[in-house]
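A, B, ... follow the sequence lines: proteins, then strands. Residue 1 opens every chain. Computed from a predicted model, the values in this text were never measured in an experiment.
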Amino acid sequence: MSTKRNQDEDTKPVKKHASYWAMGLLLSMKDPELFIKEDDAVVVIKDKYPKAQYHFLVLPKENITSLVKVTKEHLQLLKHMNKVGQDIAESYPNSVFKLGYHAQPSMSRLHLHVISDDFNSTCLKTKKHWNTFTTDFFLPSSKVISEVEMQGKITPVTNDKIKKLMDTPLKCHKCSFLAKNMPTLKSHILVHLKKFI
DNA sequence: GTTCTAGAAC
DNA sequence: GTTCTAGAAC
């Protein structure tokens with residue numbers, strides 16, 4: 001028989017590090033598989049799990065942890081990120097792009113999404129994925145810039161509002177179609193794909 | 001952010 | 001019985 005030990009002491013939870021996965025963008029920025037280009041101020045990478053045919057991220061080299069840290073001092077940077085994103089988008093003339101920020105990103109460090117509006121990707125799987133790009137959870141880059149210009153900062157979206165946005169019924173972003181589930185929505189959006197001769 | 005999977009929904 | 005969603009992850 002082994003000596004009885006104090007289980008509470010042995011299994012006391014050890015304080016964990018801040019979620020390792022949330023730092024993933026730092027690794028992605030250095031991943032040659034994802035790297036697109038860089039300049040003095042920003043790095044452009046492919047999203048590791050693209051939610052559309054084309055899905056890029058523009059990240060400042062300056063460590064800005066999130067949108068709520070953005071001030072008027074960052075206005076030039078925000079405009080530059082937008083310009084870099086537009087340039088990327090224009091290099092794919094057959095697609096329409098959305099440029100914007102998630103109201104409550106999972107990944108640390110500010111990142112601008114540059115994503116084609118087909119949303120046709122095997123990596124787009126969940127209702128949450130869908131609603132982060134097709135509801136007001138997605139803050140267009142132009143609106144973020146004008147809000148910082150007008151009030152010097154971004155007003156955070158409340159957790160209650162976030163929850164409601166994530167609960168938005170699955171609606172097609174291009175028509176009034178309401179899908180009963182994700183597989184139905186994913187097959188429906190194929191209808192809106194540009195047809196090539 | 002993703003993966004995994006229990007149990008809800010069908 | 002199978003499909004699909006939603007919550008835990010030590």
Side-chain angles (χ1 to χ4, degrees), chain A residues 5-36 42-61 63-70 81 85 88 97-139 141 144 154 156-157 159-173 177-190:
Chain A
R5 299 176 66 193
N6 186 325
Q7 291 297 310
D8 287 334
E9 284 298 318
D10 286 352
T11 59
K12 188 183 293 179
V14 177
K15 186 177 183 182
K16 287 190 292 185
H17 297 99
S19 307
Y20 183 68
W21 58 261
M23 303 298 292
L25 287 180
L26 270 176
L27 290 173
S28 294
M29 286 169 79
K30 296 169 184 168
D31 186 343
E33 289 292 314
L34 303 175
F35 181 87
I36 298 290
V42 302
V43 176
V44 182
I45 63 172
K46 291 187 281 190
D47 192 293
K48 191 171 183 178
Y49 298 91
K51 304 302 188 295
Q53 186 176 2
Y54 304 111
H55 187 182
F56 306 99
L57 302 177
V58 182
L59 301 117
K61 288 184 173 177
N63 181 17
I64 303 168
T65 51
S66 85
L67 258 195
V68 300
K69 302 287 185 184
V70 165
M81 290 168 71
I88 294 278
F97 281 78
K98 291 178 180 297
L99 276 65
Y101 301 85
H102 281 165
Q104 196 180 87
S106 299
M107 306 296 273
S108 182
R109 184 170 284 245
L110 189 65
H111 54 285
L112 172 66
H113 289 272
V114 178
I115 185 167
S116 58
D117 79 344
D118 51 87
F119 297 120
N120 186 30
S121 166
T122 54
C123 296
L124 196 157
K125 297 174 178 176
T126 68
K127 182 177 191 174
K128 181 176 178 179
H129 289 155
W130 184 257
N131 283 338
T132 59
F133 288 104
T134 61
T135 69
D136 288 342
F137 188 93
F138 191 81
L139 308 173
S141 177
V144 166
I154 294 295
V157 181
N159 284 337
D160 202 49
K161 175 78 170 171
I162 296 282
K163 199 172 179 181
K164 281 175 184 164
L165 290 171
M166 290 301 98
D167 270 343
T168 305
L170 296 173
K171 185 192 166 301
C172 177
H173 61 311
F177 182 81
L178 275 173
K180 67 175 186 295
N181 56 33
M182 282 303 294
T184 308
L185 180 61
K186 285 177 67 68
S187 46
H188 165 79
I189 60 176
L190 302 179

Please report the distance, rounded to the nearest Å, between [atom1] in [X] and [atom2] in [N].
| X | N | atom1 | atom2 | result |
| --- | --- | --- | --- | --- |
| A:H55 | B:dT2 | NE2 | P | 10 Å |
| A:M166 | B:dG1 | CE | P | 9 Å |
| A:K180 | C:dT3 | NZ | P | 13 Å |
| A:K48 | B:dT2 | NZ | P | 10 Å |
| A:Y20 | B:dT2 | OH | P | 17 Å |
| A:N181 | B:dA9 | CG | C1' | 10 Å |
| A:M182 | B:dA9 | CE | C1' | 17 Å |
| A:L124 | B:dT2 | CG | C1' | 14 Å |

Under 3.5 Å: donor-acceptor pair, side chain of A:S19, backbone of A:W21: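 Between the backbone of A:W21 and the side chain of A:S19 there is no qualifying donor-acceptor contact (under 3.5 Å).
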If only atom types and distance count, is the side chain of A:K46 paired as donor or acceptor with the main-chain N or O of A:Y54 below 3.5 Å?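 Answer holds: no.
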Does [N] have its OP1 or OP2 closer than 4.0 Å to a side-chain nitrogen or oxygen of [X]?
| X | N | answer |
| --- | --- | --- |
| A:H129 | B:dG1 | no |
| A:K125 | B:dT3 | yes |
| A:H102 | B:dG1 | yes |

Do A:S28 and A:D31 pass the side-chain hydrogen bond (donor to acceptor under 3.5 Å, both in side chains) test, and can you show the C-alpha distance, the side-chain angles, and the key distance before you say yes or no? CA-CA 5 Å; A:S28 294; A:D31 186 343; 5.7 Å; no
Determine whether the aromatic ring centres of A:H173 and A:F138 lie less than 6.0 Å apart.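 Distance test on ring centres: not under 6.0 Å, no.
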Side chains of A:H113 and A:K51: does their closest heavy-atom pair fall under 4.5 Å?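 In short, these two side chains do not touch, never coming nearer than 4.5 Å.
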For A:K51, answer base if it contacts any base atom (sugar-phosphate contacts may also be present), sugar-phosphate if it contacts only those atoms, and nothing otherwise; contact means non-hydrogen atoms under 4.0 Å.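 It contacts sugar-phosphate atoms only.
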Can you establish whether the number of heavy atoms outside A:K164 located under 6.0 Å from its atom NZ is more than 12?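 No.
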Bracket string, DNA chain B, 5' to 3' - pairs by Watson-Crick or G-U geometry under 3.5 Å, | interstrand: .|||||||||
Kindly write out the residues that satisfy ring pair (Phe, Tyr, Trp, His ring centres under 6.0 Å) with A:F177, not counting sequence neighbours, or none if the list is empty.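 Applying ring pair (Phe, Tyr, Trp, His ring centres under 6.0 Å) to A:F177 gives A:H188.
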Listed nucleotide nearest any side-chain atom of A:K127, set B:dT2, C:dA6, C:dT5: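 So the nucleotide nearest the side chain must be C:dA6.
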